[in-house]
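Below is one structure, written out as structure tokens; comments come after it.
Everything numeric in this text was worked out from a predicted model, so none of it was measured. Residue numbers start from 1 in every chain, and the chains themselves are labelled A, B, ... in the order their sequence lines are given, proteins ahead of strands.
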Amino acid sequence: MPELPEVETIRRQLLPQVVGRHILSVRVTRSRAVRAHATPDEFIRLLGHAAIIDIIRRGKALLFLLDNGRSLLARLGMSGRLKTADPSSTPEPHTHVFIELSGGVELRYIDPRTFGQMAVVEGHDPDRMIELGHYGVEPLGEAFTPEVLCRALSGKTALIQAVLMDQTKITGIGKIYADEACFLAGVHPERAACSLTDDEIVRLHAAIREVLQKAVEARGTSTLDAAYRDAAGNVGGFQFQLHVYQQNGRPCRVCGTLIEYRPFQGRRMHFCPCCQH
DNA sequence: AATGGGGCCTGAGAGC
DNA sequence: TGCTCTCAGGCCCCAT
């Protein structure tokens, strides 16, 4: 599932391939992929023949900044992928959007489960976009401090896991890194957010940054169903460093106790019953 | 205001 | 072999 490290990996790969190129033509083969617009034609019209001047990331969202004052927003959902291809090459199954660029490059959006989407939005500043304005702090940015995490957790009866995945508090964390950050911090994910001590909040803050940074360095995590591929079509490397996510039944790398999982809001959370309290 | 649950989707894998 | 069922989860919407 593309979370912050996966999206950042794709951004870095696409940057040298698409920046500076103009949009020549756009094709949408599944309207659900651009469902924020009344029709695919509207999406295509708003893109026009703009040039891509930069790609920035906000949480799990990618923004292709255009020289017409708008931005192409891509949210990958569970199974969304972006890649560049030769315009004449056979598209992979579930390719829903084709953006032909100058220089013989085509940007393609692929998404089997169709939870993701593309949209054209006004402006270049994500904090001023209604689509992304509700997003919380960037966990790898300077603004994310232990104090900010403390405010996000304080008074919350919801589980730590739920708060970490709440994009309006901290943006970019999903199932994988919420599980992993709790493990690194030694905190049980089933605890109420407000129950963490100051020391635990400091540890959790450091754990969030550490796990995200290491996952970016490893080019993201490709989980069991291998849905995630980077823009070059390769799997990530962080799945080999996971401690708890989808590791249930395996011995903890630290203490050897078997990793467990429990249902959580229709999902599962993974933890080591010995290392996390 | 905060919280929890349902629905959207398709492919992989399990079970029969 | 081939069918049916379950699971995966980001994000939005709605009820409490």
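Salt-bridge check for A:Lys214 with A:Glu217: failed, with every basic side-chain N at 4.0 Å or more from each acidic carboxylate O. Looking at A:Arg12 and A:Glu8, a side-chain N of the basic residue comes within less than 4.0 Å of a carboxylate O on the acidic one, giving a salt bridge. Classification of A:Arg108 and A:Glu92 as a salt-bridged pair fails, no side-chain N sitting under 4.0 Å from a carboxylate O. Using a cut-off of 4.0 Å between Lys/Arg side-chain N and Asp/Glu carboxylate O, A:Asp179 and A:Lys175 are scored as salt-bridged.
Between the CD atom of A:Glu3 and the P atom of C:dG9 there is a distance of 9 Å, given to the nearest Å. Atom CG in A:Asp111 sits about 13 Å away from atom P in C:dG10, given to the nearest Å. The nearest whole Å value for the distance from the CZ atom in A:Arg113 to the C1' atom in B:dG7 is 16 Å. As rounded to whole Å, 15 Å separates atom P of B:dT3 from atom CD of A:Gln161. A:Asp166 has its CG atom 18 Å from the P atom of C:dG9, to the nearest Å. Rounding to whole angstrom units, CZ of residue A:Arg268 and C1' of C:dA8 are separated by 9 Å. The CE atom of A:Met269 sits 12 Å away from the P atom of C:dG9 (whole-angstrom rounding). Rounded to a whole Å, the CZ atom of A:Arg81 is 18 Å from the P atom of C:dG10.
Applying the ring pair (Phe, Tyr, Trp, His ring centres under 6.0 Å) rule to pairs touching residues 189-212 of chain A yields A:Phe144-A:His205, sequence neighbours excluded.
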Legend entry - Contact pattern, 5' to 3', of nucleotides 11-16 of chain C - B, S or - by protein heavy atom under 4.0 Å: BS----
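If you check every strand for non-hydrogen atoms under 4.0 Å, A:Arg35 touches nothing. A:Tyr261 comes within 4.0 angstrom of no nucleic acid atom, judged by non-hydrogen atoms across all strands. Within the 4.0 angstrom heavy-atom criterion, no nucleotide atom of any strand lies near A:Ser79.
In this pair, A:His270 and A:Tyr245 present their aromatic rings perpendicular. The plane angle is above 60°, beyond the 30 to 60° band.
A:Tyr109 meets the ring pair (Phe, Tyr, Trp, His ring centres under 6.0 Å) test with no other residue; sequence neighbours excluded.
Taking the side chain of A:Lys175 as heavy atoms from C-beta on, and the options B:dT3, B:dG11, C:dG10, the nearest nucleotide is C:dG10.
Phosphate contact (OP1/OP2 of C:dG9, side-chain N/O of A:Tyr245, threshold under 4.0 Å): present.
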